[in-house]
Amino acid sequence: MGTSADLMKAVYDPAEIEPRWYPRWEEEGVFKPEYRPDGEPFCVVIPPPNVTGSLHMGHALNHTIHDVIARRRRMQGYAVLWLPGADHAGIATQNVVEKSLAERGLNRFDLGREAFVDQVWEWKDVYGWRITRQIRRMGASCDWTRERFTLDEGLSKAVLEVFVRLYEDGLIYRGERIINWCPRCETALAEIEVEHRPEDGDLVKIAYPFSDGSGEVVVATTRAETMLGDTGVAVHPEDDRYRHMVGKQVRLPLVGRLIPIVADRGVDPEFGTGAVKVTPAHDPLDFEMGERHGLDRILVLDNEAVITEAGGRYAGLDRMAAREAVIKALDAQSALVGREAYRHSVGLCYRCDTVVEPILSLQWFVKVAELTGPAIEAVRSGRSRFIPGHWEKSYFHWMENLRDWCISRQIWWGHRIPAWYCPSGHVTVARSDPDACQECGAGVLTRDADVLDTWFSSALWPFSTLGWPDETEDLARFYPNMVLITGFDIIYFWVARMMKMGLRFLGEVPFRETVIHGLVRDGAGRKMSKSLGNTIDPLAVADRYGVDPLRLALIQAANPGQDVPLDMEWVEGTRRFGNKLWNAVRFALRHLPAGSVPPAGGYPARPGPVDSWVLAGLGEVAARFDRLSDEYRFSDAYGLLYNFSWAEVFDWYLEMSKVALARSEGAEVTRQTMGVVLRDILKMFHPAIPFLTEELWSNLVGEGLLAGADWPEIPAFDPVPRMDDLKALVSGVRQFRAAQGLSRRRMIPLGVSGAPPRWVIDLVEAMAGVQIHMWTGQSEAGHIRLPAGPWEGFIPRRGLVDPVAERERIDRQITRLQRLVVGSSAKLENPHFVERAPESVVMGERRKLAEASERLASFRRQREAL
RNA sequence: GGGCGUUUAGCUCAGAUGGAAGAGCGCUUCCCUUACAAGGAAGAGGUCGGCGGUUCGAUUCCGUCAACGCCCACCA
């Protein structure tokens with residue numbers, strides 16, 4: 001007769017079981033909040049991945065954390081909505097498509113705007129499914145019926161609404177400012193989209209002669225080519241070296257323009273020569289100085305960072321070529337008075353790594369200062385909190401130092417700015433195509449060509465996805481979201497902006513908690529990067545080891561704020577755990593009819609000591625597991641459960657259960673206990689390893705889906721304190737065996753004093769491979785003593801003991817105990833300790849000393865007797 | 001130049017309110033015991049970054065220094 005265990009292979013095979021379950025979960029509607037119609041709403045939104053992107057390890061970590069939260073809450077009875085979706089990722093996506101066009105020798109201008117955007121939509125339709133499939137493959141319990149896309153109709157409506165309202169409130173304006181320009185993407189960028197990196201360059205010093213021929217002033221720069229656009233030289237008003245020059249004119253070398261020397265407090269007299277060339281069109285600081293002194297703004301770089309007509313004979317040269325040409329020309333006319341290697345920070349485009357240029361440009365901006373107040377207050381007051389809390393400091397620091405957010409992008413893929421211009425230059429901002437200029441009534445209008453920063457729509461994600469600006473049921477039910485899970489790298493890009501927009505438009509924080517997780521690193525703790533070649537593809541890991549092992553490896557390292565090291569060895573380890581769990585259930589099914597374990601409850605009314613012990617342990621672990629999970633300390637929660645399952649349940653309890661199962665008496669209770677303990681372990685593991693646990697559930701319980709089951713509620717059981725003593729007795733014998741090299745087959749007679757109950761005797765005999773007889777005598781010299789709480793084991797030396805090995809064993813114990821005794825005595829001999837330490841501590845110390853002394857003496861006698 | 005974080009076993013990390021240093025992996029030895037050799041049993045291994053201070057007692061609290069990491073910043 002085959003048991004149901006025989007239906008299970010002896011080896012856990014993720015590849016076989018993982019494809020089975022996702023369709024089932026979806027069919028049953030487990031992932032929809034409607035699955036728990038009476039549950040409290042619990043909503044999280046996915047940080048929308050780039051629609052044409054591919055799943056990387058950062059997603060795998062983020063989605064695993066989301067899923068662990070969502071699945072546990074669902075089992076706890078919440079109406080969970082994990083809302084999935086994707087981001088159109090303006091520049092990034094456009095770059096990808098442009099690259100593919102380039103392979104065909106085309107650029108976007110060849111296609112024209114409309115055809116190009118159509119092309120991107122086609123890409124979206126092809127590649128958008130890739131990331132979705134990958135997210136499903138990872139087991140993410142998203143409600144796909146509510147999937148959203150930042151460029152879909154509803155979200156576009158939300159973007160439009162927000163833009164128009166902010167414009168009407170005066171918080172969005174169009175203006176000419178120095179912005180960061182990426183000459184490769186050919187678009188403006190926001191401040192935070194520029195990454196700064198130190199690079200080697202030259203600091204060149206140039207002499208600008210006074211127009212009256214009375215001398216010269218020397219300025220320093222790392223961007224020599226910008227001198228073509230200089231319209232002034234500035235010095236500090238109190239700098240005695242230069243004070244007398246203020247008001248003079250200098251003749252700009254190469255160009256010949258006459259420009260003034262002005263005094264400005266923005267100049268740092270300590271730096272360089274203390275005199276600075278002023279290029280108002282190509283430097284933010286210079287722009288401000290130019291404003292203060294009425295200097296001209298001359299653009300010398302165009303959209304591709306090529307010198308403009310204003311650059312005279314350098315026009316047409318790329319900025320880098322122009323830099324060299326300018327330096328060479330200056331040198332030729334002896335205006336170059338210094339050139340030294342200089343390491344300085346340059347700004348790079350966060351999308352393509354190209355050096356950005358500060359350029360004067362007409363762009364749209366959000367006045368963020370007026371949005372930050374509520375966003376700071378919400379966090380300060382605790383209405384929304386960060387986990388770990390210290391991120392709040394960074395959040396505040398960031399919020400308090402914000403400049404206006406440049407939101408217009410000169411690309412085609414995105415939400416087009418809802419602004420129209422009439423021939424007279426009036427601006428009309430409207431929710432739909434206006435018929436006429438709202439200022440002058442002109443009927444011929446052209447729409448602004450720019451689109452909005454991708455992050456503008458991302459900022460609305462927690463409510464736009466729920467239907468806002470319409471007053472939908474979902475919006476009422478699921479806003480605010482409960483928790484946002486994200487990496488620290490997008491706190492500023494995303495979290496802070498969602499906070500501002502949510503508070504502005506819904507008057508309430510978008511989420512109650514922000515859980516910050518770390519970066520996935522390699523086994524050596526290095527950041528994963530393409531250049532280091534140490535990136536790990538989560539799907540390749542899933543293919544090789546399984547999704548569940550990958551998820552468990554990630555979650556077991558994922559405490560808030562901590563980086564997650566990932567090595568294939570770790571994944572191998574979690575797969576071994578999966579195998580262990582698999583086999584534990586297989587063992588149980590040898591003794592239980594398949595499907596005989598109830599989906600909930602079913603705890604034995606009168607468990608024996610062993611069953612009671614494991615149930616008490618389970619209850620305690622479950623309680624701690626819940627506390628840790630509530631604090632998002634998943635590494636600790638799953639570490640705890642993992643250790644308990646393996647070390648206590650598999651290594652001790654299942655072994656012990658074999659004794660009871662071999663008998664008729666008590667076997668039924670043990671079967672029952674074994675079933676519910678394994679069932680509850682499956683439940684607690686399910687959020688982390690959903691596929692494996694669901695598969696095992698189908699064998700063990702066979703009723704309903706584990707994904708839709710209830711979270712364990714474990715009644716209190718007597719913890720059976722004697723269990724530790726029993727284990728000590730068994731371990732003592734095992735140690736002795738190991739030290740003496742005695743095989744397990746060799747039966748050892750063991751005298752036990754203190755009259756342990758029958759069940760203890762049975763267990764020790766079975767587990768330690770001993771034959772027990774009650775011991776009442778004394779004769780210590782001829783025996784090895786194994787203290788175990790109220791009992792003591794005695795193993796006769798004769799014929800069993802190799803004196804050398806035994807001496808080693810005893811000496812180790814003596815050394816350990818001596819250290820203890822010395823330390824403890826010193827403490828107790830210290831009058832201050834006895835006087836001032838709490839009574840309980842002193843008592844404990846005395847007991848400790850007495851116990852250790854007694855055991856030490858015993859070991860010494862044993863050693864002498866050898 | 002500011003701000004934040006980290007420093008405990010070979011590696012990756014736990015160690016609430018201060019009272020005999022922990023886990024996983026790796027390593028050593030033994031064992032194919034009827035769920036599992038992707039396993040079992042036993043074991044070795046730590047001046048808790050340095051120095052001061054508070055305390056009867058500090059990995060834990062305070063100060064300081066050091067190393068490493070990250071973020072922000074308009075040094076031309």
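The sequence lines fix the lettering, A, B, ..., with proteins before strands; numbering per chain opens at 1. Hydrogens, waters and symmetry mates play no part in the numbers below; they use all other heavy atoms, side chains included.
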For [X], report the nucleic acid contact type (base, sugar-phosphate, nothing); a contact means any heavy atom under 4.0 Å.
X	value
Pro838(A)	base
Trp646(A)	sugar-phosphate
Val11(A)	base
Glu288(A)	nothing
Phe577(A)	nothing
Ser731(A)	sugar-phosphate
Glu569(A)	sugar-phosphate
Arg575(A)	base
Asp651(A)	sugar-phosphate
Val267(A)	base
Arg403(A)	sugar-phosphate
Tyr342(A)	sugar-phosphate
Asp268(A)	base

What's the closest nucleotide to the side chain of [X] if the choices are [options]?
X	options	result
Leu654(A)	G24(B), A20(B), A35(B)	A35(B)
Leu820(A)	A76(B), A23(B), A20(B)	A20(B)
Arg745(A)	G26(B), C74(B), U33(B)	U33(B)
Asn579(A)	C36(B), G43(B), G24(B)	C36(B)
His344(A)	G19(B), A20(B), A76(B)	A76(B)
Arg633(A)	C74(B), G39(B), G15(B)	G15(B)
Phe650(A)	C36(B), A35(B), C75(B)	A35(B)
Phe833(A)	G19(B), A42(B), C74(B)	G19(B)
Ala837(A)	A38(B), G19(B), G24(B)	G19(B)

If you measure from the [atom1] atom in [N] to the same atom in [M], how many Å do you get, rounded?
N	M	atom1	result
C32(B)	A38(B)	C1'	14 Å
A73(B)	U17(B)	P	35 Å
U64(B)	G69(B)	P	23 Å
G53(B)	G3(B)	P	28 Å
G24(B)	A58(B)	P	30 Å
G18(B)	U59(B)	P	13 Å
G40(B)	C51(B)	C1'	48 Å
U12(B)	A16(B)	C1'	23 Å

[atom1] of [X] versus [atom2] of [N]: gap in Å, rounded?
X	N	atom1	atom2	value
Leu285(A)	A76(B)	CG	P	10 Å
Leu641(A)	A23(B)	CG	C1'	14 Å
Leu742(A)	C30(B)	CG	C1'	11 Å
Leu700(A)	A35(B)	CG	P	16 Å
Glu648(A)	A23(B)	CD	P	12 Å

[N] OP1/OP2 closer than 4.0 Å to side-chain N/O of [X]:
X	N	answer
Lys580(A)	G40(B)	yes
Gln735(A)	G43(B)	yes
Arg737(A)	A41(B)	no

- Do Glu655(A) and A35(B) have a side chain to base donor-acceptor pair shorter than 3.5 Å? yes
- Salt-bridge criterion met for Asp202(A) and Arg323(A) (N-O under 4.0 Å): no
- Message: Under 4.0 Å between a side-chain nitrogen and a carboxylate oxygen: does that hold for Glu851(A) and Lys848(A)?
- Response: no
With both distances under 3.5 Å as the test, what is the Watson-Crick or G-U wobble partner of [N]?
N	value
C27(B)	G43(B)
A38(B)	none
C68(B)	G5(B)

- Using only heavy-atom distances, determine whether the side chains of Thr226(A) and Lys277(A) contain a donor-acceptor pair under 3.5 Å. yes
- Any donor-acceptor N or O pair under 3.5 Å, side chains Tyr638(A), Gln556(A): no
[X] [atom1]: over 12 foreign heavy atoms closer than 6.0 Å:
X	atom1	answer
Glu340(A)	CD	yes
Glu835(A)	CD	yes
Arg847(A)	CZ	no

- Could you point out which residue of Trp570(A), Tyr12(A), Phe685(A) forms a ring-ring contact (aromatic ring centres under 6.0 Å, His included) with Phe577(A)? Phe685(A)
- Message: Less than 4.5 Å apart, side chain to side chain, heavy atoms only: is that true for Phe650(A) and Asn583(A)?
- Response: no
- Note on the structure: The glycosidic conformation of A20(B), counting syn as within 90° of 0 and anti otherwise, is anti
- Item | Contact state string [nucleotides 1-13 of chain B, B base, S sugar-phosphate only, - no protein heavy atom under 4.0 Å] | ---SS------SS
- Across all chains, not counting sequence neighbours, the side chain to side chain contact (heavy atoms under 4.5 Å, CB included) partners of Arg576(A) are Glu572(A)
- Query: How do Lys658(A) and Val276(A) order along RNA chain B: which one's closest nucleotide is nearer the 5' end?
  - Reply: Lys658(A)
- Quick check: does any side chain N or O of Arg737(A) sit under 3.5 Å from a backbone N or O of Ser743(A), one acting as donor and the other as acceptor? yes
- Item | Side-chain donor/acceptor of Asp239(A) to backbone N/O of Pro269(A), under 3.5 Å | no
